[in-house]
Amino acid sequence: METNASVEFFDGQFKLQVTRSELELNSFEKAALPFVSGSLLDFGCGLGNLALSAARRGSPVLALDASATAVDHVRTVARNERLPVRAERVDLRHYTTAESFDSVVSIGLLMFFDCATAWRQLDLLMSLVKPGGVAAINVLTQGTTFMGMFSAQGHCLFEQGELSRRFAGWDVLVDEGSIFPGPRETTKMFDTVIARRRG
Ligand SMILES: C[S@@+](CC[C@H](N)C(=O)[O-])C[C@H]1O[C@@H](n2cnc3c(N)ncnc32)[C@H](O)[C@@H]1O
């Protein structure tokens with residue numbers, strides 16, 4: 001599978017985290033988990049902390065990422081705990097499926113695509129949510145000055161508020177901006193939207 005600098009950056013980080021057993025849900029995953037029920041697509045699952053937590057609560061999960069370390073880890077934990085998780089290593093810039101889900105989560109992924117690809121894949125994710133189901137999406141926004149994770153293949157900093165505008169016609173349950181310090185006095189700015197598709 002073709003890979004890129006962003007995926008290699010995370011793959012290296014995940015190797016260290018697995019070795020050190022640093023497997024806590026991050027703050028965005030913690031915020032999204034209470035809204036997850038039924039079948040789950042975790043699009044850019046990383047180490048699968050959210051995907052595995054949802055599976056432990058009974059959700060059948062499809063967990064997708066391009067990092068070999070991440071996908072191997074999710075598969076190993078799922079096999080050991082006999083969890084209903086399918087984990088696949090795929091390039092999510094080109095991924096498509098006809099399956100639909102009760103919950104679709106994508107935390108910290110779409111900004112690693114060029115904007116045309118990010119918006120196309122966001123449209124795909126929204127289309128995969130069953131009526132009455134929930135989408136939880138988190139992206140980096142303009143104002144972010146930490147650029148070290150991006151690859152030469154492009155990236156996309158969403159305009160602030162753009163994510164929630166794209167959920168027009170959905171019931172928006174959470175619409176939140178947040179700001180975190182990055183390395184060397186840089187800044188990471190995020191938008192998170194959690195929304196229910198009208199039935
Ligand atoms: C910021 S991490 C987020 C992981 C996880 N959702 C979390 O919250 O911890 C970004 C993830 O996107 C994945 N990724 C980046 N570009 C990708 C691509 N083109 N296809 C699939 N996964 C990709 C990385 O491997 C990494 O796991």
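Note that the coordinates shown come from a computational prediction; the quantities given were computed from them, not determined experimentally. Both ligands and their constituent atoms are indexed starting at 1 by order of listing. All residue numbers refer to positions in the sequence shown, counting from 1.
Under the salt bridge (charged side-chain N to carboxylate O under 4.0 Å, His left out) criterion, Asp91 pairs with Arg93, not counting sequence neighbours. Not counting sequence neighbours, Lys30 has no partner by the salt bridge (charged side-chain N to carboxylate O under 4.0 Å, His left out) test.
Applying the disulfide (SG to SG under 2.5 Å) test to every pair with at least one member in residues 22-99, sequence neighbours left out, gives no pairs at all.
In this structure, Glu176 places its CD atom where only 12 or fewer heavy-atom neighbours from other residues, nucleotides or ligands lie under 6.0 Å away.
Under 4.0 Å from any atom of ligand 1, one finds heavy atoms of residues Val7, Phe10, Phe14, Asn26, Glu29, Gly44, Cys45, Gly46, Asp65, Ala66, Ser67, Val90, Asp91, Leu92, Arg93, Ile107, Gly108, Leu109, Phe112, Phe113.
In this structure a side-chain-to-backbone donor-acceptor pair under 3.5 Å is missing from Ser106 to Ile137.
In this pair, His155 and Phe150 present their aromatic rings parallel. The plane angle is below 30°, not in the 30 to 60° band.
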